Amino acid sequence: MKKPVVLLGLGGHAKVLIDVLELGNYEIKGYAAPSEQKSPYTIPYLGKDEVLGHYDKTEFMLINTLGSTSNLELRKQLFNNFKSQGYLFATLIHPKAYVSNRAIIGEGVQLMAGAIVQPFAVIGDNSIINSNAVVEHDSLISSNCHIAPGVTISGGVKVGECTHIGTGASVIQDIQIEDNVVVGAGAVVIKNVSKNKKMIGVPAKEVKK
Ligand SMILES: CC(=O)SCCNC(=O)CCNC(=O)[C@H](O)C(C)(C)COP(=O)(O)OP(=O)(O)OC[C@H]1O[C@@H](n2cnc3c(N)ncnc32)[C@H](O)[C@@H]1OP(=O)(O)O
């Protein structure tokens with residue numbers, strides 16, 4: 001039996017996650033957020049994050065619904081904060097994602113429709129592999145990353161923590177991208193990237209943050 005889930009937030013990324021949850025027949029108990037959200041759903045608002053302390057944490061799993069367009073710090077903080085209190089995050093895989101049996105998928109990872117994760121790839125905790133993104137063989141996506149829709153990560157690539165690879169970007173084989181990097185939408189990364197850089201264009205070049 002799957003445990004029911006509680007959503008942390010109810011923004012745009014939550015909408016896509018709710019589809020995955022419904023396809024997986026999860027019961028959604030409600031959502032926690034700083035305030036009640038206007039939404040097209042009838043999912044109950046439970047209260048601010050602290051309200052979860054009133055429930056037995058072994059009886060449900062959490063879903064981190066914070067997406068990102070570049071900065072992953074909040075998503076990471078939310079995950080680490082609840083993990084340090086002993087909560088479990090559900091790992092969600094859309095039924096139309098493909099994941100090799102030889103890939104390793106961490107806790108709280110979200111693989112959206114059309115995502116492909118090939119053999120010996122590793123996806124770290126709390127990372128998103130968004131719609132139609134490809135992570136090729138032997139690649140590492142570290143924790144708290146967002147691989148946005150339509151991205152191609154070629155074989156043997158290493159991506160550091162808290163890195164955002166923007167919509168439709170490509171990374172050629174065997175590249176190393178360090179922590180806290182932002183790769184702009186549509187960029188093509190052909191050289192290693194050191195930490196905290198923002199890269200745009202074809203081929204990708206650094207722009208100051
Ligand atoms: C389901 C979902 O929706 S998931 C969300 C997915 N979204 C993404 O992945 C978005 C990724 N983000 C981007 O591509 C952003 O444009 C960033 C992070 C690269 C830059 O954002 P900002 O720092 O706010 O830069 P800003 O918009 O001010 O642009 C600065 C300059 O860079 C240019 N620029 C910005 N993004 C890009 C890009 N992807 N490629 C080429 N040039 C770009 C701008 O045209 C501007 O040029 P100018 O100074 O000559 O006018």
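For the numbers below, each heavy atom of this structure counts, side chains included, while hydrogens, waters and symmetry mates do not. From a predicted model like this one, the values you see are computed outputs, not experimental measurements. Counting starts at 1 for both ligands and their atoms, following the listed order.
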* Donor-acceptor under 3.5 Å (Arg75 side chain, Leu66 main chain) -> yes
* Asked: In terms of side-chain geometry, is the basic nitrogen of Glu59 or Lys57 positioned less than 4.0 Å from the acidic oxygen of its partner?
  -> no
* Asked: Of all the non-hydrogen atoms in the protein, which one sits nearest to atom 1 (C) of ligand 1, and at what distance?
  -> Pro149 CG, 3.8 Å
* Is Ala187 in contact with ligand 1, taking contact as a heavy-atom separation below 4.0 Å? -> no
* Considering only protein heavy atoms, which is closest to atom 39 (N) of ligand 1, and at what distance to one decimal place? -> Ala185 O, 2.9 Å
* Does the protein place any heavy atom closer than 4.0 Å to atom 46 (C) of ligand 1? -> no
* Asked: Looking at atom 9 (O) of ligand 1, what's its closest protein heavy atom, distance included?
  -> His164 NE2, 2.8 Å
* **Part of Ser68 with heavy atoms under 4.0 Å of ligand 1, whether side chain, backbone, both or neither** => backbone
* Please answer whether the main-chain N or O of Val157 pairs with a side-chain N or O of Ser139 as donor and acceptor at a distance below 3.5 Å. => yes
* Ignoring hydrogens and angles, state whether a donor on the side chain of Asp125 or Asn144 is under 3.5 Å from an acceptor on the partner side chain. => no
* Closer than 4.0 Å: a protein non-hydrogen atom to atom 35 (C) of ligand 1 -> no
* **Distance flag for atom 51 (O) of ligand 1, protein heavy atom under 4.0 Å** => no
* atom 15 (C) of ligand 1: nearest protein contact (heavy atom, Å) -> Gly184 CA, 5.0 Å
* So which heavy atom in the protein is nearest atom 10 (C) of ligand 1, and how far is it from that ligand atom? -> Thr69 O, 3.5 Å
* **Protein non-hydrogen atom below 4.0 angstrom of atom 4 (S) of ligand 1 present** => yes
* To do: Answer yes or no: is there an ion pair linking Glu178 with Lys158, defined by an N-O contact shorter than 4.0 Å?
  => no
* Structure fact -> Looking only at protein heavy atoms, what sits closest to atom 32 (O) of ligand 1 is Ile200 CD1, 3.8 Å
* Could you check Asn126 against Asn64 for side-chain hydrogen bond (donor to acceptor under 3.5 Å, both in side chains), going step by step and ending with a plain yes or no? => CA-CA 8 Å; Asn126 195 38; Asn64 191 347; 3.2 Å; yes
* Crowded around Lys195 NZ? As in, over 12 foreign heavy atoms under 6.0 Å? -> no
* To do: For atom 7 (N) of ligand 1, grab the closest protein heavy atom and report residue, atom and distance to one decimal in Å.
  => Thr167 OG1, 3.5 Å
* Asked: Taking atom types as modelled, is there a side-chain donor on His13 or Gln110 under 3.5 Å from an acceptor on the other?
  -> yes
* Kindly state if atom 17 (C) of ligand 1 has a protein heavy atom within a strict 4.0 Å cut-off, that is, under 4.0 Å? => no
* Asked: Has His146 got any heavy atom lying under 4.0 angstrom from an atom of ligand 1?
  -> yes
* To do: Is it possible for you to check whether Lys3 lies under 6.0 Å from the centre of the six-membered ring of Phe60, through NZ or CZ, and within 45° of that ring's axis?
  => no
* Does atom 24 (O) of ligand 1 have a protein heavy-atom neighbour under 4.0 Å away? -> no
* For the residue pair His146 and Ser68, confirm or rule out a side-chain donor-acceptor distance under 3.5 Å. => yes
* Asked: Which of the atoms in ligand 1, numbered in the order shown and given with their element, are less than 4.0 Å from a heavy-atom of Val182?
  -> 18 (C)
* May I ask whether Lys198 places a heavy atom under 4.0 Å from ligand 1? => yes
